[in-house]
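Report on one structure; see the data block that follows.
Since this is a predicted model, take the numbers as computed values, not measurements.
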Amino acid sequence: MSDLLTDALPTVWHGRRIDPDFRHMVRLSNAYSHGKLEKDPTEALSIMKRFYREPVLYEQTPDAYSQMVDFYRAGEQAAAGTSYQPDSTPASPPAFDYQCDAGYIVAAFQQAYGIDLTREKLHWFRFRALFAALPEDTLMAKIMSWRTMDLSEYEGSMRAHYADLQERFALPASLRGGAAVAQTVAEHDAAFLARFRH
């Protein structure tokens, strides 16, 4: 993993030239969290085709996929400054979803950093670091706080107010664990990679 303050941001990953733009990792995250990878295995291949600058040979697909996921996780580590931690656990709801919150994220980057995500290319590591540090006055930061807020700490009208905000900005039940099939990242990766091993 790179040190954001001292190392150049990688454009080669595990010996392969890559396009490190955040969009590829957002697509990967969306495909995973919305169940697209289970429904259509070619979705991962499509993301890989955009991520890698040169074509990946069929027999190299398992390793290339694992390395792409490793790049995703390294961006998460760069944002946290520590080892990778998932955005949520089974006991806690996700704070955000790139697909559902796209407009809020674009607005927050424009407000906080003057970066137009619809036009600019941004390295995944830098994107994650900036996203993790969104100022509290951005609506996206407020929404993430409301979604993960423990309402048991509040009473009366304050509790009702925050419950209303949680409901208003709630993610779909399938992303909150309501209708989704429980599957770890490791289980998903193993199932995907098994398709390419004989």
Side-chain angles (χ1 to χ4, degrees), residues 1-13 18-37 43-44 47-48 50-51 67-150 162 165-166 168-172 174-177 180 184-185 188-189:
M1 210 241 0
S2 297
D3 182 324
L4 288 176
L5 292 176
T6 60
D7 299 337
L9 295 176
T11 57
V12 174
W13 195 252
I18 60 167
D19 177 0
D21 187 54
F22 75 97
R23 290 169 180 84
H24 309 307
M25 297 301 100
V26 167
R27 282 186 185 101
L28 180 64
S29 178
N30 285 343
Y32 177 77
S33 63
H34 291 266
K36 293 176 188 172
L37 295 179
E43 183 73 21
I47 296 166
M48 286 173 55
R50 293 174 176 161
F51 177 66
Q67 292 162 0
M68 181 176 66
V69 171
D70 184 48
F71 182 80
Y72 176 90
R73 289 184 175 139
E76 298 290 316
Q77 292 171 1
T82 60
S83 61
Y84 171 75
Q85 295 294 321
D87 293 324
S88 63
T89 63
S92 67
F96 67 92
D97 177 76
Y98 290 120
Q99 183 173 319
C100 296
D101 294 322
Y104 298 129
I105 295 169
V106 168
F109 271 69
Q110 187 72 51
Q111 175 187 340
Y113 310 119
I115 297 173
D116 183 351
L117 291 178
T118 66
R119 295 174 185 233
E120 294 186 38
K121 288 186 72 105
L122 202 60
H123 194 287
W124 170 241
F125 291 10
R126 184 169 177 241
F127 171 84
R128 279 303 295 150
L130 293 172
F131 186 72
L134 282 175
E136 292 179 6
D137 66 339
T138 61
L139 182 56
M140 187 68 236
K142 290 177 185 177
I143 290 170
M144 290 189 292
S145 175
W146 297 329
R147 285 177 181 156
T148 58
M149 184 177 284
D150 181 1
Y162 287 125
L165 289 170
Q166 281 187 339
R168 188 179 327 162
F169 293 102
L171 291 169
S174 61
L175 297 175
R176 292 181 278 149
T184 66
V185 173
H188 170 267
D189 290 351

Side-chain heavy-atom pair [X], [Y] within 4.5 angstrom cut-off:
X    : Y    : value
L171 : P94  : yes
L4   : L9   : yes
F169 : K142 : no

Original post:
Any chance the rings of F71 and F51 have centres within less than 6.0 Å?
Top reply: yes
Could you tell me which residues satisfy side chain to side chain donor-acceptor pair (under 3.5 Å) with [X], sequence neighbours excluded, listed by chain and number?
X    : answer
R23  : D21
E43  : none
R147 : D101

Gap separating the [atom1] atom of [X] from the [atom2] atom of [Y], nearest 0.5 angstrom:
X    : Y    : atom1 : atom2 : answer
Q99  : N30  : CD    : CG    : 5.0 Å
Y113 : E120 : OH    : CD    : 13.5 Å
L130 : F22  : CG    : CZ    : 11.0 Å
W124 : E76  : CH2   : CD    : 5.0 Å
L134 : S145 : CG    : OG    : 12.5 Å
M25  : F125 : CE    : CZ    : 9.5 Å

**OP:** For residues C100 and P172, report the shortest heavy-atom separation together with the two atoms involved.
**Re:** SG-CD, 3.7 Å
Original post:
Which heavy atom in V12 sits nearest to a heavy atom in I18, and how many Å separate them?
Top reply: N-CG1, 4.1 Å
**OP:** Hey, can you tell me if Y98 and F96 have their rings parallel, tilted or perpendicular (30° and 60° cut-offs)?
**Re:** perpendicular
Original post:
With sequence neighbours left out, what residues match Q166 under side-chain contact (heavy atoms from CB on, under 4.5 Å)?
Top reply: M149, L151
Quick one: side chains of residues 104-112, donor-acceptor pairs under 3.5 Å with protein atoms, not counting sequence neighbours, listed by atom name and distance.
residue, atom, partner, partner atom, Å
Q111, NE2, D137, O, 3.3

Subject >> Residue list, ring pair (Phe, Tyr, Trp, His ring centres under 6.0 Å) with H24, at least two apart or on another chain >> reply: none
Original post:
Side chain of H123, backbone of P10: donor and acceptor closer than 3.5 Å?
Top reply: yes
**OP:** For the pair W13 (side chain) and M68 (backbone), establish whether a donor and an acceptor sit closer than 3.5 Å, ignoring hydrogens and angles.
**Re:** no
